[in-house]
Amino acid sequence: MPVWVLVNARNLGISESQLLYDYPTLTAIDLANAWIYAQVNPEEVATAIQENEAD
């Protein structure tokens, strides 16, 4: 699961509990790590969201 997908979902208002429900292979630790990665690499994540929204 790409981090940008999770960040984009969160930006759209999807809660962590809904993400965990929708993607049962994800754990709360996975989400925490994704948020940390996104915080450390904001430009990379923003670029990926923009590139994939254009599709």
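These numbers come from the heavy atoms of this one structure, side chains and all, not from hydrogens, waters or symmetry mates. We count residues from 1, following the sequence as given.
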Participant: To the nearest 0.5 Å, tell me how far Leu31 CG sits from Leu26 CG.
Facilitator: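 Those atoms lie 5.5 Å apart.
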
Participant: Counting distance only, does the side-chain N/O of Asp30 pair as donor-acceptor with the main-chain N or O of Thr27 below 3.5 Å?
Facilitator: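 Yes; at least one donor-acceptor contact below 3.5 Å.
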
Participant: If I compare all heavy atoms of Ala48 with all of Asn52, which pair ends up nearest, and what's the gap?
Facilitator: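 Closest pair (atom of Ala48, atom of Asn52, distance): O-ND2, 2.7 Å.
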
Participant: If you look at every heavy atom in Ala38 and Val45, which pair is closest and at what distance?
Facilitator: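 Ala38 and Val45 have their closest heavy atoms at CA-CG2, 3.9 Å.
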
Participant: Does the side chain of Trp4 come within less than 4.5 Å of Glu44's, by heavy atoms?
Facilitator: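 A side-chain contact is absent here, since even the closest heavy-atom pair is not under 4.5 Å.
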
Participant: For atom CD1 of Ile29, decide whether the heavy atoms of other residues, nucleotides or ligands shown that lie under 6.0 angstrom number more than 12.
Facilitator: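 Open: at most 12 neighbouring heavy atoms sit under 6.0 Å from CD1 of Ile29.
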
Participant: Could you tell me the separation between the CG atom of Asn41 and the CD1 atom of Ile36, rounded to the nearest 0.5 Å?
Facilitator: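 One finds 11.5 Å between CG of Asn41 and CD1 of Ile36.
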
Participant: Contact between Ile49 and Asn11 at the side-chain level, heavy atoms closer than 4.5 Å - yes or no?
Facilitator: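 Ile49 vs Asn11: side chains touch.
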
Participant: Using the side-chain contact (heavy atoms from CB on, under 4.5 Å) definition, which of the options Thr25, Leu6, Leu19 pairs with Met1?
Facilitator: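 Only one option passes, and that is Leu6.
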
Participant: Can you find a heavy atom in the side chain of Trp35 that is under 4.5 Å from one in the side chain of Val7?
Facilitator: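 A side-chain contact under 4.5 Å exists here.
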
Participant: Do Thr47 and Glu51 touch side chain to side chain, with heavy atoms closer than 4.5 Å?
Facilitator: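 Thr47 reaches Glu51 side chain to side chain.
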
